[in-house]
**Q** 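I have a structure I would like to understand better, so I am pasting it below and will then ask my questions one at a time.
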Amino acid sequence: MAKLPVVDSDMEEPVIRPSFKIFMDTVNTGLFSSALRQLKVYFNIYFYSSDRKHSKAEVMDIEDKIAYSFLEPFEIKERCLVYIDDLKFEKVIDGILNISFNFEIATEFIGENEMKAELENDNGLMEDLYINKNLEEEN
């Protein structure tokens, strides 16, 4: 498949064809448990075919390629795989395909102790801070 441009979603007409516009509609987040944070993201993607009037084959090809690519999970960051839920396709007028889906993930919640340990191992600055604080208390 040739590389198609992703156009700024704020861009008004004229639409560049062929291209994609991607909208992230809603993000819900909250604590799933004491160690996990839950995140749910909703997406709408609009595919604009090359030709407004003769687009059926191109739209069907893009639909197949997107459906196939979402069969396997994909990694959005280290140790975080995402499975796509509720993948829907809607053919709109003028050679436009609307693709909608969402995903839900649970990521590790970093507590205060883990954050301190991470900072200490990062560059030693947290250790220096503790040493300086102890020296001030002694004086």
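All values reported here derive from a predicted model rather than from experimental measurement.
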**Q** How far does CG of Leu97 sit from CG of Asp61, to the nearest 0.5 angstrom?
**A** 11.0 Å

**Q** Is it the case that the side chain of Arg17 and the backbone of Ser49 share a donor-acceptor pair, with hydrogens and angles ignored and the cut-off at 3.5 Å?
**A** yes

**Q** Give a yes or no on this: more than 12 heavy atoms of other residues, nucleotides or ligands lie within 6.0 Å of atom CD of Glu75.
**A** yes

**Q** Knowing that exactly one of Phe43, Tyr42, Phe70 qualifies, which makes a ring pair (Phe, Tyr, Trp, His ring centres under 6.0 Å) with Phe103?
**A** Phe43

**Q** To the nearest 0.5 Å, what is the distance between OH on Tyr48 and NZ on Lys21?
**A** 4.5 Å

**Q** Roughly how far, to the nearest 0.5 Å, is the CD1 atom of Ile62 from the CZ atom of Phe89?
**A** 10.0 Å

**Q** Do Met24 and Ile84 sit in one hydrophobic cluster, given that two such residues count as connected whenever their side-chain heavy atoms are within less than 4.5 Å of each other, even indirectly?
**A** yes

**Q** Roughly how far, to the nearest 0.5 Å, is the CD1 atom of Ile96 from the NZ atom of Lys91?
**A** 13.5 Å

**Q** State the CG-CD1 distance between Leu87 and Ile66, to the nearest 0.5 angstrom.
**A** 8.0 Å

**Q** Are Val41 and Ile22 connected, step by step, through hydrophobic side chains (Ile, Leu, Val, Met, Phe, Trp, Tyr) whose heavy atoms are closer than 4.5 Å?
**A** yes

**Q** Looking only at heavy atoms, what is the nearest atom pair of Gly95 and Val59, with distance?
**A** O-CG2, 4.3 Å

**Q** If hydrophobic clusters are built from ILVMFWY residues whose side chains come within less than 4.5 Å, do Tyr68 and Ile99 share one?
**A** no

**Q** Can you check whether Ser50's main-chain N or O pairs, donor with acceptor, with Glu58's side chain at less than 3.5 Å?
**A** yes

**Q** Distance from Lys88 atom NZ to Asn44 atom CG, nearest 0.5 Å?
**A** 10.5 Å

**Q** Closest heavy-atom contact between Asn102 and Lys40?
**A** OD1-CE, 4.1 Å

**Q** Name the orientation class of the two ring planes belonging to Phe20 and Phe47 (parallel below 30°, tilted from 30 to 60°, perpendicular beyond 60°).
**A** tilted

